[in-house]
Number of protein chains: 2
Amino acid sequence: MKPTIKDIAARSGVSIATVSRVLSQKTGTYSEKTQAKILRIAKELGYRKNTAAVELVKKRSAVIAVILNATPTNFSTEVIDGIQKRAGELGQGVIILYAGNRDDQMLHQAIVTALERSVSGILLTAIEPDDADLTLLKNSGIPFCFVSLYLNQPKILSVSSNNESITSQAVDYLVEQGHTAIALAGIDGYHTGTQRIAGYEAGMKAHGLTTSCIKYGDYSYESGRKLLQEFLPLKVTAIITASDMIAAGILNAAQEVGIRVPEDLSLVSIDGTIICNITTPGLTSVTQDFYRIGSRSVDQVMGHDVETFVPVRIDKRGSVKHLKK
Amino acid sequence: MKPTIKDIAARSGVSIATVSRVLSQKTGTYSEKTQAKILRIAKELGYRKNTAAVELVKKRSAVIAVILNATPTNFSTEVIDGIQKRAGELGQGVIILYAGNRDDQMLHQAIVTALERSVSGILLTAIEPDDADLTLLKNSGIPFCFVSLYLNQPKILSVSSNNESITSQAVDYLVEQGHTAIALAGIDGYHTGTQRIAGYEAGMKAHGLTTSCIKYGDYSYESGRKLLQEFLPLKVTAIITASDMIAAGILNAAQEVGIRVPEDLSLVSIDGTIICNITTPGLTSVTQDFYRIGSRSVDQVMGHDVETFVPVRIDKRGSVKHLKK
DNA sequence: GCACTTTACGTAAACGTTTACAACACCCTA
DNA sequence: TAGGGTGTTGTAAACGTTTACGTAAAGTGC
């Protein structure tokens, strides 16, 4: 049998209450002598606390639930890393729950699991729940925060990059480099995509450019490869891509049909993961700080008041050509 | 207050025992009529079971703990995906615990956390515990399994590729293509590295090749870039790399100094993740089935009797040149 | 109509902690 | 010496489930 505080109490001749106080470090409520004795005996017995019992009586578990899409984007590990580190600092464990791919049923199950565990916070990473689940979350009394997704609703916590700013900065940069025929590729039809389109169109308009060219996709490498086909008949000189994988797909498919990057086509990728270093040429990117997005989301959900938007930066690599006017 | 089975019992006029039996589906112990009534009332009240209470009385939680290195290799998401899916099928939740980077302190903490939660199994992914922790695990009474690491010790569960087979197959393939000056790059100094070296040397010897060339590294892209420098003065025609990232690093560094792949240098990468498709040329690889490694490790740790070694295959892309004899 | 089984449900203990409250010893101060 | 404070400990209830055991009612076979 695993030893319990009862065993320690029996062995040390004190009550379980005292053992509990020592073990949970309610300082000031016990003498140094008993502390030493209890710690010694606990060690001797190989005592491990029973988390379930603690959570039952405390009615809240020191765990943050992270709900993820099943398709692990190449940034999710960085986000989780940030979550994990910050959670550790705050004494919280992390439990990861997969929610399938826009699978409302699985997502619902994941949320229910988190609620049943009475976690101290729920982080939804790149996930958009339906209204029923959003209501469920709101009524649960457990704080939740959207990560890498901005819903633009009042009183809903979130931490992400500013999608409008991402695309408008990308446009600014390309215009600076002399481009005017600029497309946006691989965007989704949900919140993130919509916001990026808004930023793209605002950026274009600010420079007096009215022709917009937008192609949808799903952030994957394969999607990028397919998208290149759609650009063949068009005469854009630069493409802003919704992810590094989209950029890599476009890049490779382009090179296969003899289109040179950046000589014939410039690319600015959104994300800036290590993929950007691996391709030839390297991909100039609007780089998101995923680690910080993760760590700030933990602060956010634990009630600390921190930024909603984490800044991005442009990393110049080799995929954009400077056009002479 | 969150409703409990007591509230349901009060509202439906039965005892909490009956409510519990219905809710935990002890079929055959209740009538359809009471079942219907209880389920209806539970729904009305928005009842959620309290996992902590269940775990306390059952003395085991339906959760598998996955302990990971902090440096998320690009295959870990695939492994976790496999774990997650299979665990879901078996009704187990998954909790992820990071263990830092060969940080014995953090690893110990992660193991203790898993034990305190009385998880139903512990999966150690690409992690080598020290003797004290191994003893702790063995004495815990909780099954554990090494994932993507083979310790070659009796009675220790593990699921991985066969590292000796990986490198010997790579050697076979390169010899088939006419290579004889074959190096091994980016290998670590622990179990995995040692096994891969054994396979490499056995493979070389089997073909009558006696000169071996081994360079150590840490699986990262940067490590690959550095390694290329070491190969410059040597005259190898082919390199087997310990990971896709190592291969990508060598590839890019090589191209920068005018070494063409595969014309001047052939590469066979170990892992076969999407990285192999993204580089130019694509990387020929010994591809590991990480998803299956993950899913089988769940079976293993849950007591099902499944394979310890998951087969690998060679995927030909563009990084190996066929040398005429 | 009897003995026996089955079905459906209730009672109460148990799981391992935390914590409000009480109790006691001791010391200090007026 | 009374009164109060402080430091340390014990008692016991509480957290929300599961489940062994008991029991009453209903069904079965003869």
Side-chain angles (χ1 to χ4, degrees), chain A residues 1-39 41-42 45-63 91 112-113 115-120 141, chain B residues 1-39 41-42 45-63 91 112-113 115-120 141:
Chain A
M1 271 317 284
K2 269 180 72 172
T4 71
I5 54 170
K6 257 184 206 160
D7 301 312
I8 299 179
R11 270 273 272 268
S12 55
V14 299
S15 72
I16 61 165
T18 302
V19 176
S20 171
R21 282 188 284 251
V22 170
L23 259 22
S24 54
Q25 305 186 53
K26 295 259 168 301
T27 32
T29 70
Y30 48 82
S31 70
E32 283 191 17
K33 222 178 68 186
T34 44
Q35 180 193 31
K37 182 166 58 178
I38 286 171
L39 290 181
I41 294 179
L45 294 177
Y47 170 79
R48 305 253 162 258
K49 92 174 111 169
N50 182 320
T51 306
V54 175
E55 290 178 355
L56 176 58
V57 62
K58 290 210 177 163
K59 311 186 110 195
R60 175 96 353 155
S61 65
V63 167
V112 167
T113 301
L115 297 183
E116 286 176 349
R117 298 205 99 84
S118 294
V119 295
S120 48
Chain B
M1 273 318 282
K2 269 179 72 172
T4 71
I5 54 171
K6 258 185 208 160
D7 300 311
I8 299 179
R11 269 272 270 268
S12 54
V14 299
S15 72
I16 60 164
T18 302
V19 177
S20 171
R21 281 188 286 250
V22 169
L23 260 21
S24 52
Q25 305 187 54
K26 295 262 169 300
T27 32
T29 69
Y30 48 82
S31 70
E32 284 192 15
K33 221 178 70 186
T34 45
Q35 181 193 30
K37 182 165 59 176
I38 287 171
L39 290 182
I41 294 180
L45 294 177
Y47 170 78
R48 304 256 163 255
K49 91 173 113 169
N50 181 320
T51 307
V54 175
E55 290 178 355
L56 175 58
V57 62
K58 290 211 178 161
K59 312 187 113 196
R60 176 94 355 147
S61 65
V63 167
V112 167
T113 301
L115 297 183
E116 286 176 350
R117 298 205 98 85
S118 295
V119 295
S120 50

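Letters A, B, ... are given to chains in the order of the sequence lines, protein chains preceding strands, and every chain is numbered from 1.
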Using a 4.0 Å heavy-atom cut-off, does B:Ser31 contact any base of the nucleic acid, only the sugar-phosphate backbone, or nothing at all?
sugar-phosphate
Closest non-hydrogen atoms of A:Val119 and A:Val63, given as atom of the first, atom of the second and distance, are CB-O, 3.2 Å
A:Glu116 side, atom CD; B:Arg48 side, atom CZ - distance, nearest 0.5 Å
7.0 Å
Using heavy atoms and a sub-4.0 Å distance, could you list which residues of residues 12-23 of chain A are near DNA chain C? By number, please.
A:Ile16, A:Ala17, A:Ser20, A:Arg21
Check whether any side-chain heavy atom of A:Tyr47 sits under 4.5 Å from a side-chain heavy atom of A:Leu23, and report yes or no.
yes
How long is the straight-line distance from CD of B:Glu32 back to CG of B:Leu39, given to the nearest 0.5 Å?
11.0 Å
For the pair made of CD in B:Gln25 and C1' in D:dT19, what is the distance, rounded to whole Å?
17 Å
Identify, with sequence neighbours excluded, every residue that meets side-chain hydrogen bond (donor to acceptor under 3.5 Å, both in side chains) alongside A:Arg117.
B:Glu55
Taking for each residue the nucleotide of DNA chain C with the nearest heavy atom, is it B:Lys58 or B:Thr34 whose nucleotide lies nearer the 5' end?
B:Thr34
Drop me the distance from A:Lys26's NZ to A:Thr18's OG1, to the nearest 0.5 angstrom.
13.0 Å
Axis-to-axis angle for the helix from C:dG1-D:dC30 to C:dA30-D:dT1, ends of five pairs each, to 10°, equals 40°
Run the side chain to side chain contact (heavy atoms under 4.5 Å, CB included) test against A:Leu45 and tell me which residues pass, sequence neighbours left out.
A:Pro3, A:Asp7, A:Ile8, A:Arg11, A:Ile41
Heavy-atom closest pair, residues B:Arg21 and B:Tyr30
O-CE2, 3.4 Å
With rounding to the nearest 0.5 Å, note down the distance linking OG in B:Ser61 to CG in B:Leu56.
11.5 Å
To the nearest Å, give me how far apart CD (A:Gln35) and C1' (D:dT9) are.
15 Å
For the pair A:Ser24 (side chain) and A:Ser20 (backbone), establish whether a donor and an acceptor sit closer than 3.5 Å, ignoring hydrogens and angles.
yes
Rounded to the nearest 0.5 Å, what separation is found between the OG atom of B:Ser118 and the NZ atom of A:Lys2?
4.0 Å
Give, for atom CG of A:Asn50 and atom NZ of B:Lys59, the distance between the pair rounded to the nearest 0.5 Å.
8.5 Å
What is the 5' to 3' range of DNA chain C, first to last nucleotide, that sits under 4.0 Å from any heavy atom of chain B?
C:dA8 to C:dG16
Can you give me the N/O atom pairs linking the protein to nucleotides 25-27 of chain D at distances under 3.5 Å, or say none if there are none?
none

Answer yes or no: is there a donor N or O on one side and an acceptor on the other, between the side chain of A:Thr4 and the main chain of A:Lys6, under 3.5 Å?
yes
